[in-house]
Amino acid sequence: SNNILGYANSSGTGMLTNTGGRLAGIDMWVGSSLASSVQGNIVNNINWTSNDVISGFGTNNTICLLSFQGNGNIGTTSGNILGDMTSVASASNGIYITSTSASTSVNTGINPLYVSGTAACTVQNNNIGAIAATGPDTSPLLFYGIVITGDFSHIVTSNTVGGTVSNSISLGIAGSTTAATTCMGIYTAVGGSASITIGTLGSGNTIRNMTTNSSGAYSLVGIFSPNSPGTININGNSFSGNSTAGTGSCWAIFNQGTPT
């Protein structure tokens with residue numbers, strides 16, 4: 001907990017820059033018998049260029065800032081900050097990803113926060129913002145803000161994906177990108193008999209200021225649950241300031257499970 005990653009120096013200024021490969025900021029694998037705690041970490045000011053593409057969730061993405069696998073509480077007493085909540089990303093600020101992939105069918109993937117529970121996990125108070133991805137005009141881009149997997153009864157509340165300014169999360173370049181873009185605030189791949197909670201009244205998640213700039217196909221989803229857990233509770237969440245270009249589909253909540 002309370003680690004600071006990124007930046008050009010220990011004073012917390014400048015940009016960490018790199019060309020090639022994948023980025024895994026914090027990658028934790030822990031046991032399931034006792035709950036680990038992941039609190040107060042900051043990952044920011046990274047300028048990353050890569051031709052790697054997605055092959056799954058978490059660190060199987062081109063960029064994953066915080067990946068946790070096991071039994072844990074993530075942000076429950078002090079939220080983790082991935083990026084910045086008051087500015088937009090650029091080559092000199094926030095999390096800025098440049099894809100050099102020539103693929104026209106496989107996404108460059110950005111997954112800031114990934115939690116794969118081997119027991120019930122609680123994910124609260126985490127903040128994700130100032131993240132931008134660009135690349136060749138015909139190379140697709142994908143953003144999953146928070147991904148939750150593992151068939152256990154997880155609680156996901158009071159998280160914020162997207163900062164206070166427009167285009168806090170941005171995929172592609174307006175007027176240039178033509179490839180498919182996919183942008184999702186919270187994605188849960190929980191199934192089985194688990195009961196998952198995504199927001200409660202008074203402690204909902206905030207998903208805002210996400211933008212897909214491509215003139216091609218897009219999907220923009222606030223909360224997506226493609227599986228069928230025993231029960232899924234989605235309450236008290238807010239969605240605002242999200243925008244798209246091109247043609248496609250936009251949902252605040254896309255649930256294929258059993259709602260309550």
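Note that this is a predicted model, so its numbers are computed, not measured. Nothing fancy with the numbering, it's 1 onward along the sequence.
A distance of 12.0 Å separates CG of Leu66 from CD1 of Ile81, quoted to the nearest 0.5 Å. Here the straight-line distance linking atom CG of Asn80 with atom CG of Asn125 works out to 9.5 Å at 0.5 Å rounding. Phe68 CZ to Ser37 OG: the interatomic distance, rounded to the nearest 0.5 Å, is 9.0 Å. In this structure, OG on Ser195 lies 14.0 Å from CZ on Phe152, to the nearest 0.5 angstrom. With rounding to the nearest 0.5 Å, the separation of OG1 in Thr177 from CG in Leu141 is 6.5 Å. In this structure, Asp84 CG and Asn44 CG are separated by 5.5 Å, a value rounded to the nearest 0.5 Å.
Applying the ring pair (Phe, Tyr, Trp, His ring centres under 6.0 Å) test between Tyr187 and each of Phe143, Phe224, Tyr114 identifies Phe224 as the sole match.
Under the 4.5 Å side-chain criterion, counting only non-hydrogen atoms from C-beta, Ser99 is in contact with Pro136. Contact check for Leu16 versus Asn45: no side-chain heavy atoms found under the 4.5 Å cut-off. Between Thr149 and Val147, some side-chain heavy-atom pair lies under the 4.5 Å cut-off. In this structure, the side chains of Val38 and Met28 come closer than 4.5 Å at one or more pairs of heavy atoms. When side chains are defined from C-beta on, Thr160 counts as touching Arg208, because their heavy atoms get closer than 4.5 Å. Using a 4.5 Å heavy-atom cutoff, the side chains of Ile196 and Asn233 are not in contact. Counting heavy atoms from C-beta outward, Ser170 and Asn213 have side chains that approach closer than 4.5 Å. Looking at heavy atoms from C-beta onward, Leu82 lies out of side-chain contact with Asn127 at the 4.5 angstrom threshold.
Residues Ile146 and Ile26 are members of one and the same hydrophobic cluster, defined by side-chain heavy-atom contacts under 4.5 angstrom among Ile, Leu, Val, Met, Phe, Trp and Tyr. By the criterion of side-chain heavy atoms lying less than 4.5 angstrom apart, applied directly or through intervening Ile, Leu, Val, Met, Phe, Trp or Tyr residues, Ile4 is not grouped with Ile131; the two fall into different hydrophobic clusters. Both Leu171 and Trp48 belong to a common hydrophobic cluster when Ile, Leu, Val, Met, Phe, Trp and Tyr are linked at side-chain heavy-atom distances under 4.5 angstrom. Transitive grouping of hydrophobic side chains (ILVMFWY, heavy atoms separated by less than 4.5 Å) keeps Ile186 and Met85 in distinct clusters. Under the 4.5 Å side-chain heavy-atom criterion for Ile, Leu, Val, Met, Phe, Trp and Tyr, Phe239 and Leu220 are members of the same hydrophobic cluster.
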Could you go through Ser249 and Ser219, starting from their C-alpha distance and side-chain angles, then the distance that decides it, and tell me whether this counts as side-chain hydrogen bond (donor to acceptor under 3.5 Å, both in side chains)? CA-CA 5 Å; Ser249 301; Ser219 293; 5.5 Å; no

Please determine whether side-chain hydrogen bond (donor to acceptor under 3.5 Å, both in side chains) holds for the pair Asp137 and Ser176, giving the CA-CA distance in whole Å, both sets of side-chain angles, and the decisive distance to 0.1 Å. CA-CA 6 Å; Asp137 292 345; Ser176 177; 2.6 Å; yes

Full working for side-chain hydrogen bond (donor to acceptor under 3.5 Å, both in side chains) between Asn93 and Ser87: CA-CA 8 Å; Asn93 182 73; Ser87 63; 2.8 Å; yes

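With hydrogens and angles disregarded, a donor-acceptor distance shorter than 3.5 Å links the side chain of Asn111 to the backbone of Tyr144. Formation of a donor-acceptor pair under 3.5 Å by the Asp151 side chain with backbone atoms of Val190 is not found in this model. The backbone N or O of Ala130 lies less than 3.5 Å from a partner atom in the side chain of Ser168, making a donor-acceptor pair. Without hydrogens or angle criteria, Asn41 side chain to Val43 main chain gives no donor-acceptor distance under 3.5 Å. Of the possible donor and acceptor atoms, none in the side chain of Thr188 sits under 3.5 Å from a partner among the backbone N and O of Ser225. Judged by distance alone, with hydrogens and angles left aside, the side-chain atoms of His154 form a donor-acceptor pair with the main-chain N or O of Cys121 at under 3.5 Å. The main-chain N or O of Gly162 is never found under 3.5 Å from a side-chain atom of Asn209 such that the two would form a donor-acceptor pair. Of the possible polar contacts, none joining the Ser11 side chain to the Thr13 backbone as a donor-acceptor pair under 3.5 Å is found. Although no hydrogens or angles enter the test, the distance criterion places no donor-acceptor pair under 3.5 Å between the side chain of Asn205 and the main chain of Asn237.
Contacts of Tyr7 classified as ring pair (Phe, Tyr, Trp, His ring centres under 6.0 Å), with partners at least two apart in sequence or in another chain: none.
Nearest heavy atom pair, residue Met210 against residue Val161, reads SD-CG1, 4.2 Å.
No hydrogens or angles considered: a donor-acceptor pair under 3.5 Å links the side chains of Gln39 and Thr76. Looking at Thr157 and Asn159, their side chains never bring a donor and an acceptor atom within 3.5 Å of each other.
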